[in-house]
Every structure is written in C-alpha cells, then in structure tokens.
Amino acid sequence: MTLADLLSELKALHADSALVFEANGEPIGASYHVTELRHSESTGIDCGGTVERWSEARLQLLDGAGDAHMRVGKFVGILEQSLTRLSALADGSVMVEFAPKNVGLQLMELGQPIARDKSVFITLRATAAVCKPAHRAQSSGAATSGCCEGTTAMGACCAPAADGMQRDACCA
C-alpha cells in the first residue's frame with residue numbers, strides 16, 4: 001500500500017470516525033502521535049546477487065496514553081499536508097515504525113482501513129526477514145533450485161554444499 005492509496009481510502013470514510021491502529025491484536029494507545037513521515041530511495045543486493053532499487057515511505061507512530069484516538073479527518077489532513085510538501089511520499093510502499101509503549105521499535109505493514117461501528121481500524125502487521133531469491137521463485141510459481149529448494153531458512157539456504165563449495169544460487 002502507498003500513502004496515496006491510504007489517503008484515497010480514508011477520504012471515502014467518515015471524517016469524524018476515530019482512527020484506531022491495532023498492533024499485536026490490541027489497539028495502540030489513544031492519543032498516539034504521528035511523529036514522522038519519511039521518504040527514501042534504497043538500493044540493495046540480496047543473497048542471490050540481485051541488485052534492486054525501490055522507493056519507500058515510512059510512517060512513524062508514537063504510542064499514546066490519552067483518552068481519544070485521532071479522527072480520520074485529522075489524519076487525512078496530516079497526510080494531505082505531508083504529500084503536498086513532500087510529493088515523493090505518495091508512491092513508495094509504506095511501512096510503519098511503531099513500538100508498543102514506545103519500547104522496541106518494530107517495522108510493520110499497513111492493513112486496509114475497515115470501518116466498524118463509529119471507528120476506522122487499521123491493522124499493523126509484523127514483518128519478517130525473507131530469502132528474496134526463494135520468495136521470488138515461490139511467488140512466480142517456479143520450482144526453486146539449488147540451495148533454496150524447499151526451505152525458507154537462511155541457514156539452510158546459505159550453507160555450503162556437501163562438497164564444501166559455496167552454492168551459486170544464493171549468498172553471492
């Protein structure tokens with residue numbers, strides 16, 4: 001999901017609804033605070049030697065301890081102002097930085113906004129490390145070959161072959 005997608009979905013909902021983010025099955029603290037929206041261009045190389053470039057946006061939330069959750073309209077205003085001032089935020093995939101009780105910052109994915117009762121709920125889902133060559137092969141429906149076959153564990157993927165040689169498919 002991008003921030004432009006999120007903005008579009010939220011604008012279709014009632015502006016006076018409480019916006020409740022949920023992490024680990026629980027609502028984050030009322031009176032949470034949007035501390036930062038950040039855009040970055042990244043370049044990386046995976047264990048298979050593939051170089052990738054991507055754009056991403058980060059939404060950082062500070063856990064709160066107040067009485068009321070932010071209203072959808074206020075959050076929409078924050079997004080609109082931020083996208084106007086930093087347009088590159090609009091199209092990168094968005095990740096959320098959040099720490100329950102503001103301890104142990106985690107990188108999370110945004111779920112779809114869901115209107116229920118007089119609130120709008122957005123689930124923050126935990127992320128995990130993946131072996132990108134194995135994940136790409138799985139996603140394309142292709143059979144994996146070499147070190148990543150039948151495993152998602154990096155240790156098995158990147159372990160030397162039985163003859164002691166480094167595997168070519170991973171860990172370049």
Side-chain angles (χ1 to χ4, degrees), residues 1-46 50-142 152:
M1 174 179 297
T2 67
L3 286 176
D5 295 335
L6 179 60
L7 179 60
S8 176
E9 290 187 33
L10 289 174
K11 286 175 88 170
L13 301 172
H14 196 274
D16 287 333
S17 296
L19 182 58
V20 181
F21 289 94
E22 296 178 315
N24 306 318
E26 297 290 327
I28 71 171
S31 299
Y32 61 84
H33 178 72
V34 176
T35 60
E36 182 177 35
L37 283 162
R38 180 173 61 243
H39 171 263
S40 63
E41 295 287 335
S42 296
T43 303
I45 186 168
D46 66 28
T50 301
V51 174
E52 295 179 300
R53 290 174 181 75
W54 66 93
S55 174
E56 66 183 16
R58 296 281 175 101
L59 165 64
Q60 190 176 83
L61 298 173
L62 185 70
D63 206 358
D67 297 339
H69 289 277
M70 185 181 299
R71 299 288 166 211
V72 168
K74 180 174 181 175
F75 191 82
V76 162
I78 291 168
L79 288 183
E80 287 176 329
Q81 181 181 32
S82 299
L83 294 175
T84 298
R85 297 190 64 196
L86 185 58
S87 62
L89 282 168
D91 298 319
S93 60
V94 65
M95 297 297 287
V96 177
E97 296 176 342
F98 176 72
K101 297 185 177 34
N102 300 314
V103 177
L105 192 64
Q106 300 172 33
L107 191 57
M108 301 177 148
E109 295 177 334
L110 278 172
Q112 299 297 123
I114 297 172
R116 193 169 58 237
D117 300 323
K118 294 182 180 183
S119 298
V120 173
F121 294 86
I122 299 178
T123 300
L124 303 178
R125 296 183 306 261
T127 59
V130 297
C131 175
K132 287 185 177 181
H135 182 72
R136 276 192 295 272
Q138 241 178 359
S139 295
S140 71
T152 57

**Asked** Do the non-hydrogen side-chain atoms of L19 and L10 ever get within less than 4.5 Å of each other?
**Response** yes

Name each donor-acceptor pair under 3.5 Å that joins a side chain in residues 98-113 to protein atoms two or more places apart or in another chain, with its distance.
| residue | atom | partner | partner atom | Å |
| --- | --- | --- | --- | --- |
| N102 | OD1 | D63 | N | 2.7 |
| N102 | ND2 | D63 | O | 3.2 |
| Q112 | NE2 | E9 | OE1 | 2.9 |
| Q112 | NE2 | E9 | OE2 | 2.8 |

**Prompt:** With a 4.5 Å heavy-atom cut-off, do V94 and L6 have their side chains touching?
**Reply:** no

**Request:** May I ask you to test the V20-V120 pair for a side-chain heavy-atom distance under 4.5 Å?
**Result:** no

**Prompt:** Between L37 and L86, does a side-chain contact (heavy atoms from CB on, under 4.5 Å) hold up when you go through it step by step?
**Reply:** CA-CA 9 Å; L37 283 162; L86 185 58; over 6 Å; no

**Request:** Just grab all the side chain to side chain donor-acceptor pair (under 3.5 Å) pairs involving residues 30-39, residues at least two apart or on different chains.
**Result:** T35-Q60, E36-R38, R38-E97, H39-E41, H39-S55

**Request:** Any chance you could measure I114, atom CD1, to E22, atom CD, to the nearest 0.5 Å?
**Result:** 8.5 Å

**Complete:** Taken to the nearest 0.5 Å, the spacing of R58 CZ from S40 OG works out to 6.0 Å

**Request:** Hey, could you give me each pair passing side chain to side chain donor-acceptor pair (under 3.5 Å) that has a residue in residues 64-93? Not counting sequence neighbours.
**Result:** K11-E80

**Prompt:** Are T50 and K132 close enough that some pair of their side-chain heavy atoms sits under 4.5 Å apart?
**Reply:** no

**Item:** Gap separating the CZ atom of F75 from the CE atom of M70, nearest 0.5 angstrom
**Value:** 7.0 Å

**Contact summary for W54 and E52, nearest pair of heavy atoms** = CZ3-O, 3.6 Å

